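Everything below concerns the one structure shown next.
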Amino acid sequence: MSSTARQTQADSVAPTSPTSRSPFLRAARGETPDHTPVWFMRQAGRSLPEYRAARQGVGMLESCMTPELIVELTLQPVRRYAVDAAIFFSDIVLPLKAVGVDLDIKPGVGPVVASPVRTLADVEAIPDLEASHVPFVIEAVRGLVDELGETPLIGFAGAPFTVASYLVEGGPSKDHARTKAMMFGAPDVWAALLAKIAGIAAAFLEIQVRAGASAVQLFDSWAGALTPSDYRDFVMPHSASVLRQVGELGVPRIHFGVGTGNLLPLMGEAGADVVGVDWRTPLDRALDLVGPRAVQGNLDPTLVFAPTEVMTARAAEVIEAGRAARGHIFNLGHGVIPSTDPDQLKRLTEFVQGYRPAG
Ligand code: 1CP
């Protein structure tokens with residue numbers, strides 16, 4: 001990276017920057033802010049009536065390519081919940097669409113790829129991502145940073161394994177059988193595919209950070225399908241490459257996956273500043289696994305359907321466990337479930353931000 005780019009980044013986290021005292025960024029850097037910061041994965045989403053209204057008649061990918069809509073959909077949960085961070089409205093397959101891969105996000109299904117990747121030639125046909133592919137992302141990030149003021153914007157990308165699963169399967173998959181068949185049976189094609197996606201993910205994150213995002217999250221949602229040794233041999237080097245490239249920009253890097261209790265040490269070692277923990281691993285146990293890093297998580301997303309006092313009692317346990325961490329960002333253990341009651345999520349946000357430990 002050029003020294004100019006590094007300078008720009010140094011400026012974006014300098015003490016004079018509006019976000020520099022943000023509880024979210026302080027916790028991500030391993031400090032202890034006045035309150036435990038909170039945001040929600042998939043907060044910019046389907047549980048909000050104003051989201052459904054704004055998306056009326058507009059396809060998911062079209063929404064991700066329209067700057068005014070990206071800004072509006074990213075801001076909606078910040079306005080409603082006053083969470084400590086915004087997450088950029090996009091999708092993990094958007095960069096593939098932007099470079100020309102024929103895919104769609106089908107309502108009620110998820111990403112669907114017209115011609116799944118099978119061969120080395122298929123991999124080589126995927127162009128690398130340039131800023132010129134995603135002008136709408138740059139415009140939206142700039143607009144958002146102006147609007148958000150002291151609230152940091154999190155940029156994100158899908159990690160190589162999770163994105164590869166959509167490209168190889170052609171759509172959502174429970175067992176990732178074809179994906180793993182390629183991983184085990186055609187390791188040269190697999191390595192080329194993961195290296196290609198890693199390059200695209202790193203470029204997508206860099207574009208968001210250069211436009212003003214204050215932190216990034218790498219989503220490896222489906223990495224929990226792997227054993228630790230397969231993760232280490234076939235996947236981790238590529239995720240590490242993404243995190244290393246973004247590391248040069250000087251913003252905190254969050255690394256998250258689902259069902260990754262066995263992988264947490266490796267996900268930390270891959271180069272994360274913050275390791276996202278799903279709800280299946282108790283947070284105090286996760287602290288022993290992630291090494292000297294901050295953690296993010298990890299209330300069971302179904303607890304927002306429980307009576308408020310049950311939800312807040314469990315949230316208090318998560319916050320208390322997080323006090324022993326080198327930095328703790330409160331979140332759910334995975335995304336907000338679409339049928340979640342926004343009022344209950346608001347109560348959860350207020351509880352976390354208002355919580356002060358006894359003694
Ligand atoms: O029409 C709609 O409203 C489609 C629903 C939807 C939304 C709101 C999809 C389809 N993607 C998104 C936005 C989205 N996707 C965000 C926005 C910001 C926010 O978090 O609020 C983010 C961060 C993502 C990331 C994403 N997309 C992930 C990783 C996070 C996770 O939940 O594990 C994954 C796996 C996807 C793929 C995807 N996109 C959409 C769906 C339904 C899916 C999952 C499909 C499957 O089960 O494989």
Side-chain angles (χ1 to χ4, degrees), residues 39-66 69-81 83 85-97 103-113 137 140-141 144 153-176 178-179 197 201 204-205 208 213 215-225 254-260 276-279 296-298 301 331-340 342 345:
W39 70 281
F40 302 110
M41 293 182 279
R42 299 295 188 103
Q43 67 189 15
R46 298 153 288 175
S47 59
L48 296 180
E50 60 268 34
Y51 171 85
R52 292 193 292 271
R55 282 282 320 280
Q56 198 84 47
V58 191
M60 178 62 194
L61 283 172
E62 189 187 342
S63 311
C64 295
M65 297 170 128
T66 310
L69 254 185
I70 300 174
V71 170
E72 170 60 19
L73 297 173
T74 302
L75 291 176
Q76 283 178 347
V78 180
R79 280 188 209 117
R80 189 185 265 259
Y81 303 126
V83 274
I87 176 94
F88 188 67
F89 184 83
S90 190
D91 193 82
I92 57 168
V93 297
L94 184 277
L96 296 173
K97 174 75 181 175
L103 63 84
D104 198 4
I105 299 181
K106 296 228 162 39
V109 180
V112 178
V113 177
V137 168
V141 171
L144 276 166
L153 176 68
I154 306 169
F156 77 91
F161 178 78
T162 292
V163 175
S165 170
Y166 291 103
L167 278 176
V168 176
E169 307 285 341
S173 158
K174 281 205 164 48
D175 49 25
H176 313 281
R178 277 178 172 276
T179 311
I197 301 169
F204 192 52
L205 293 176
Q208 294 170 75
V216 296
Q217 176 154 322
L218 190 63
F219 279 97
D220 209 350
S221 304
W222 314 141
I254 309 168
H255 194 188
F256 168 76
V258 180
T260 48
V277 181
D278 92 344
W279 73 95
Q296 176 174 280
N298 74 342
N331 207 312
L332 302 177
H334 195 183
V336 174
I337 296 169
S339 53
T340 295
L345 216 48

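Since the structure is predicted, the reported quantities are computational estimates derived from the model, not experimental observations. Just follow the structure's listing: the first ligand is 1, and inside any ligand the first atom is 1.
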I need the atoms of ligand 1 closer than 4.0 Å to a non-hydrogen atom of [X], numbered in the order shown.
{"X": "Ser221", "value": "29 (C), 30 (C), 31 (C), 33 (O), 35 (C)"}
{"X": "Ser90", "value": "13 (C), 14 (C), 15 (N), 16 (C), 17 (C)"}
{"X": "Ile105", "value": "10 (C)"}

Please determine if Ala44 has a nitrogen or oxygen closer than 3.5 Å to a nitrogen or oxygen of ligand 1.
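Yes, at least one N or O pair falls under 3.5 Å.
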
Contact check: Thr162 vs ligand 1, nitrogen or oxygen atoms, below 3.5 angstrom:
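Between Thr162 and ligand 1 (N or O atoms, distance only) the closest approach is not under 3.5 Å.
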
Please state which protein non-hydrogen atom is closest to [atom] and give its distance, to 0.1 Å?
{"atom": "atom 35 (C) of ligand 1", "result": "Tyr166 OH, 3.4 Å"}
{"atom": "atom 42 (C) of ligand 1", "result": "Gly110 CA, 3.9 Å"}
{"atom": "atom 15 (N) of ligand 1", "result": "Asp91 OD1, 3.0 Å"}
{"atom": "atom 47 (O) of ligand 1", "result": "Pro172 CB, 4.0 Å"}
{"atom": "atom 30 (C) of ligand 1", "result": "Phe219 CD2, 3.3 Å"}
{"atom": "atom 5 (C) of ligand 1", "result": "Arg46 CD, 3.5 Å"}
{"atom": "atom 18 (C) of ligand 1", "result": "Phe88 O, 3.6 Å"}
{"atom": "atom 22 (C) of ligand 1", "result": "Phe156 CZ, 3.5 Å"}

Give the single entry among Arg55, Arg42, Arg52 that approaches atom 26 (C) of ligand 1 most closely by any heavy atom.
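Nearest option to atom 26 (C) of ligand 1, by heavy atoms: Arg42.
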
Kindly compute the distance separating OG1 (Thr340) from CG (Leu345), expressed to the nearest 0.5 Å.
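Here the rounded value is 6.5 Å.
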
Min heavy-atom dist [X] to ligand 1 below 4.0 Å:
{"X": "Pro111", "answer": "yes"}
{"X": "Phe40", "answer": "no"}
{"X": "His334", "answer": "yes"}

Chi angles and distances behind the salt bridge (Lys or Arg N to Asp or Glu O under 4.0 Å) call for Arg79, Glu72:
CA-CA 10 Å; Arg79 280 188 209 117; Glu72 170 60 19; 3.0 Å; yes

Apply the side chain to side chain contact (heavy atoms under 4.5 Å, CB included) test between Phe88 and each candidate in Val137, Leu73, Val71; give the one that qualifies.
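Result for side chain to side chain contact (heavy atoms under 4.5 Å, CB included) with Phe88: Val137.
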
Met60 and ligand 1 - part of the residue with a heavy-atom distance under 4.0 Å
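Within the 4.0 Å criterion, Met60 contacts ligand 1 through side-chain atoms alone.
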
Can a donor-acceptor pair be found, under 3.5 Å and without considering hydrogens, that links the side chain of Asp278 to the backbone of Gly259?
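Yes.
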
Counting only N and O atoms by type, is there a donor-acceptor contact under 3.5 Å from the side chain of Ser221 to the main-chain atoms of Val258?
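Here the side-chain-to-backbone pair does not exist.
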
Hey, does Val109 have a side-chain heavy atom less than 4.5 Å from the side chain of Pro172?
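Contact flag for Pro172/Val109 side chains = yes.
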
Start with the C-alpha distance between Glu50 and Arg80, add both sets of side-chain angles, then the distance that settles salt bridge (Lys or Arg N to Asp or Glu O under 4.0 Å), and finish with yes or no.
CA-CA 10 Å; Glu50 60 268 34; Arg80 189 185 265 259; 2.8 Å; yes

